[in-house]
Asks: 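Have a look at the structure that comes next, please.
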Amino acid sequence: MLPEAATAVPSDHVPEIGLPDSVLRRWAQYAPYIPVEEYAPPPRGCAVAQLQRHGARWPTSGAGAEMKAAVDKLQGVKEYKEDYLSFLKEFTWHFGTEDLLPFGAKQSYESGHVTFDRYAPILADGNPPFVRTADSTRVVDSATNWTAGFNTASHKVVKATVDLILPESGNLTLDDGMCPNSGDGDTESARWLAIYAPRITKRLNSAAPGANLTDDDTHSLMSLCAFHSQITIAPSPFCGLFTDREFEGYEYFADVNKFYGNGYGGNLGPVQGVGYVNELLARLTNQSVQDHTQTNRTLDASPKTFPLNRAIYVDFSHDNTMVAVYSALGLFKQILLSGQKLDPIHASPLRTWVLSKMVPFSARVVVEKLECTGPVPLPAGTFVRILVNDAVQPLEFCGGVGGICALDSFVKSQRYARHDGDGDFEKCYE
């Protein structure tokens with residue numbers, strides 16, 4: 001699905017859903033894309049690698065069934081005690097499953113437009129981006145909409161196409177399906193659910209006698225607020241069932257779940273991003289991929305399916321994969337928290353692991369390779385800068401100054417990936 005061509009694409013606005021930024025950001029991985037910071041151009045750039053999540057979608061079949069079950073319980077009540085539930089008398093469930101929403105298509109389209117506007121100078125020779133995508137329909141559609149936005153911005157002078165669609169089976173760096181022994185974070189997030197949700201569930205059951213909602217139902221109804229708002233591109237009445245403070249609890253549930261799944265809290269979380277990091281290192285150094293984990297070595301060995309001569313590389317994937325890549329790279333380490341871990345029973349305001357800023361729908365991590373001639377603001381040499389949703393990352397692990405570190409220092413810092421996860425990949429199958 002392609003939105004109508006836009007004449008101007010703002011890159012720093014709050015999505016026009018009718019809800020404030022403070023609410024949208026409480027939706028964790030179901031939040032729409034909102035730039036975390038205003039983009040700051042680098043001193044000089046020559047190559048860009050971008051990993052992007054698919055845009056907003058319908059709920060998965062499992063999550064959708066849980067949401068509908070919670071709604072059915074509320075609609076089965078004969079008389080509500082609170083007016084804020086009265087909309088349920090007229091509400092009808094007409095939901096699809098998993099596919100890209102028009103709103104998600106629009107945000108993907110805007111991303112492509114912004115990429116060309118931002119990096120047009122390095123495309124002066126007409127060298128088009130190289131675009132790969134995992135083969136889930138919503139991911140492919142996101143990539144297709146991205147190329148449409150890019151081509152509109154370039155007036156098709158530099159034309160992007162989807163160059164490679166990769167099956168989400170077998171060896172693949174754009175999905176997290178190659179570690180059967182990995183955890184899922186459900187145990188830790190369940191501990192937090194038992195803390196934040198019971199008071200809300202009790203309030204809703206008092207307002208809807210006989211509904212007999214569980215804490216899981218409550219959480220599903222809060223997810224429904226996020227999905228329904230992006231389906232209708234308007235504030236969902238389900239959002240009005242909860243306070244801002246209650247959504248803070250909802251947000252932390254997902255933060256904990258991903259941290260102990262594909263993040264630092266999972267023993268086999270970071271290793272699931274190793275293959276992608278090694279592909280990134282190959283692109284930055286213009287050398288062949290060196291990896292014995294998730295990469296497809298046949299495809300990565302061919303210049304047709306893994307070229308090293310492009311100015312821009314764009315890959316489309318999923319939130320779980322991006323979390324693993326962040327963890328393999330060393331981004332978002334929780335150095336301010338005890339044990340550098342999220343506490344499943346206490347939400348610390350010092351955490352920087354916040355999914356709405358890391359992997360919202362249409363999230364993007366951009367790695368810029370910078371060629372500098374010196375002497376200011378940087379000495380002559382090649383450098384790396386990483387932005388996650390436009391926020392420059394500190395890169396303290398490679399001696400970053402102002403979020404920029406030398407390319408050779410960055411490569412050396414990626415020892416875990418260059419050593420194939422130090423044996424962790426084998427543990428995926430032991």
Side-chain angles (χ1 to χ4, degrees), residues 29 51 53 62 132 134-136 166-192 253-283 288-301 306 315 317-335 337-344 351-353 355 358-359 365 386 397-398 410-430:
Q29 75 270 31
L51 175 63
R53 185 189 179 194
R132 301 186 304 174
D135 72 348
S136 291
L166 299 167
E168 292 183 15
S169 59
N171 284 48
L172 175 65
T173 60
L174 302 183
D175 188 55
D176 67 336
M178 289 189 64
C179 191
N181 289 341
S182 64
D184 55 19
D186 287 354
T187 298
E188 291 79 9
S189 56
R191 293 180 67 189
W192 178 249
F253 174 96
D255 293 346
V256 169
N257 186 268
K258 299 293 187 188
F259 183 84
Y260 287 96
N262 282 18
Y264 295 110
N267 292 335
L268 299 177
V271 74
Q272 296 179 72
V274 160
Y276 188 85
V277 172
N278 284 328
E279 290 181 332
L280 172 65
L281 295 177
R283 287 168 167 173
S288 59
V289 177
Q290 302 297 317
D291 179 79
H292 299 90
T293 64
Q294 299 94 353
T295 54
N296 184 313
R297 287 181 278 284
T298 300
L299 294 177
D300 281 5
F306 197 85
D315 298 312
S317 184
H318 301 272
D319 55 341
N320 287 335
T321 306
M322 295 181 74
V323 167
V325 169
Y326 294 153
S327 302
L329 283 168
L331 301 177
F332 301 106
K333 286 189 173 179
Q334 299 305 288
I335 59 175
L337 303 185
S338 175
Q340 299 191 24
K341 290 187 175 183
L342 270 64
D343 187 340
R351 80 184 190 280
T352 58
W353 187 276
L355 292 187
M358 296 168 60
V359 289
V365 53
I386 298 179
F397 50 79
C398 57
F410 178 77
V411 173
K412 290 177 181 177
S413 75
Q414 299 304 305
R415 182 191 178 283
Y416 180 71
R418 291 188 296 110
H419 287 75
D420 295 324
D422 285 336
D424 286 345
F425 185 65
E426 288 72 18
K427 295 175 185 176
C428 288
Y429 297 94
E430 290 177 350

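Computed over heavy atoms, backbone and side chain alike; hydrogens, waters and symmetry mates excluded.
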Asks: For the residue pair M178 and F425, what are the closest heavy atoms and their distance?
Replies: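 Here M178 and F425 meet closest at O-CE1, 3.9 Å.
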Asks: Between S136 and E168, is the side-chain hydrogen bond (donor to acceptor under 3.5 Å, both in side chains) condition met? List the steps.
Replies: CA-CA 7 Å; S136 291; E168 292 183 15; 2.7 Å; yes
Asks: Mind running side-chain contact (heavy atoms from CB on, under 4.5 Å) on S327 and Y416 for me, showing each step along the way?
Replies: CA-CA 10 Å; S327 302; Y416 180 71; over 6 Å; no
Asks: Where do L280 and Q414 land on the side-chain contact (heavy atoms from CB on, under 4.5 Å) test, with the steps shown first?
Replies: CA-CA 11 Å; L280 172 65; Q414 299 304 305; over 6 Å; no
Asks: Within the distance-only criterion (no hydrogens, no angle test), does the side chain of N257 pair as donor or acceptor with the backbone N or O of S189 below 3.5 angstrom?
Replies: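 No.
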Asks: Are more than 12 heavy atoms from other residues, nucleotides or ligands located less than 6.0 Å from atom CG of N181?
Replies: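 Enclosed: over 12 neighbouring heavy atoms sit under 6.0 Å from CG of N181.
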Asks: State, to 0.1 Å, how close V359 and V323 come at their nearest heavy-atom pair, and which atoms those are.
Replies: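 Taking V359 first and V323 second, the nearest heavy atoms are CG1-CG2, 4.1 Å.
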Asks: Which atom pair, heavy atoms only, marks the closest approach of L355 to D255?
Replies: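 Of all heavy-atom pairs spanning L355 and D255, the closest is N-OD1, 3.0 Å.
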Asks: Between R418 (side chain only) and L281 (backbone N and O only), is there a donor and an acceptor less than 3.5 Å apart?
Replies: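 Such a contact is absent between R418 side chain and L281 backbone.
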Asks: In terms of relative ring orientation, are F397 and F410 parallel, tilted or perpendicular, with 30° and 60° separating the classes?
Replies: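 Geometry flag for F410 against F397: tilted rings.
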Asks: Do you know the tightest heavy-atom contact between V271 and G421?
Replies: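 That closest heavy-atom pairing would be CG2-CA, 4.2 Å.
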Asks: When you look at T295 and N171, which way does the side-chain contact (heavy atoms from CB on, under 4.5 Å) test go after all the steps?
Replies: CA-CA 6 Å; T295 54; N171 284 48; 5.5 Å; no
Asks: Taking the side chain as every heavy atom from C-beta outward, state whether N296 and L172 have any atom pair closer than 4.5 Å.
Replies: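 Result no, sub-4.5 Å side-chain heavy-atom pair not found.
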Asks: Could you tell me whether a side-chain N or O of Y260 sits under 3.5 Å from a main-chain N or O of K341, the two making a donor and an acceptor?
Replies: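 Checking the backbone N and O of K341 against the side chain of Y260, no donor-acceptor pair under 3.5 Å is found.
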Asks: Listed by chain and number, what are the side chain to side chain contact (heavy atoms under 4.5 Å, CB included) partners of D315, not counting sequence neighbours?
Replies: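 D315 satisfies side chain to side chain contact (heavy atoms under 4.5 Å, CB included) with L51, R132, L174, Y276, R283 only.
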Asks: Can I386 and L331 be said to form a side-chain contact (heavy atoms from CB on, under 4.5 Å), step by step?
Replies: CA-CA 10 Å; I386 298 179; L331 301 177; 4.2 Å; yes
Asks: Heavy atoms only: give me the nearest N267-D424 pair and the separation to one decimal.
Replies: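 It is O-OD2, 4.2 Å.
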Asks: For the residue pair E279 and D300, establish whether any side-chain heavy-atom pair is separated by less than 4.5 Å.
Replies: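 Sidechains of D300 and E279: in contact.
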Asks: Should T352 and Q334 be marked as a side-chain hydrogen bond (donor to acceptor under 3.5 Å, both in side chains) after you check the CA-CA gap, both sets of side-chain angles, and the distance that decides it?
Replies: CA-CA 7 Å; T352 58; Q334 299 305 288; 2.8 Å; yes
Asks: R415: what forms a salt bridge (Lys or Arg N to Asp or Glu O under 4.0 Å) with it, not counting sequence neighbours?
Replies: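 Salt bridge (Lys or Arg N to Asp or Glu O under 4.0 Å) list for R415, sorted by chain: D422.
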Asks: Tell me the closest heavy-atom pair linking D176 and Q272, and the distance in Å.
Replies: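 Heavy atoms only, the tightest pair is O-OE1, 3.1 Å.
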Asks: Is there a donor-acceptor pair closer than 3.5 Å between any side-chain N or O of Y326 and the backbone N or O of M358?
Replies: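 Side chain of Y326 to backbone of M358, a donor-acceptor pair under 3.5 Å: yes, one is there.
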Asks: Under a 3.5 Å distance rule, please check whether N278 uses its side chain to pair with a backbone N or O of A417 as donor and acceptor.
Replies: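 A pair under 3.5 Å: yes.
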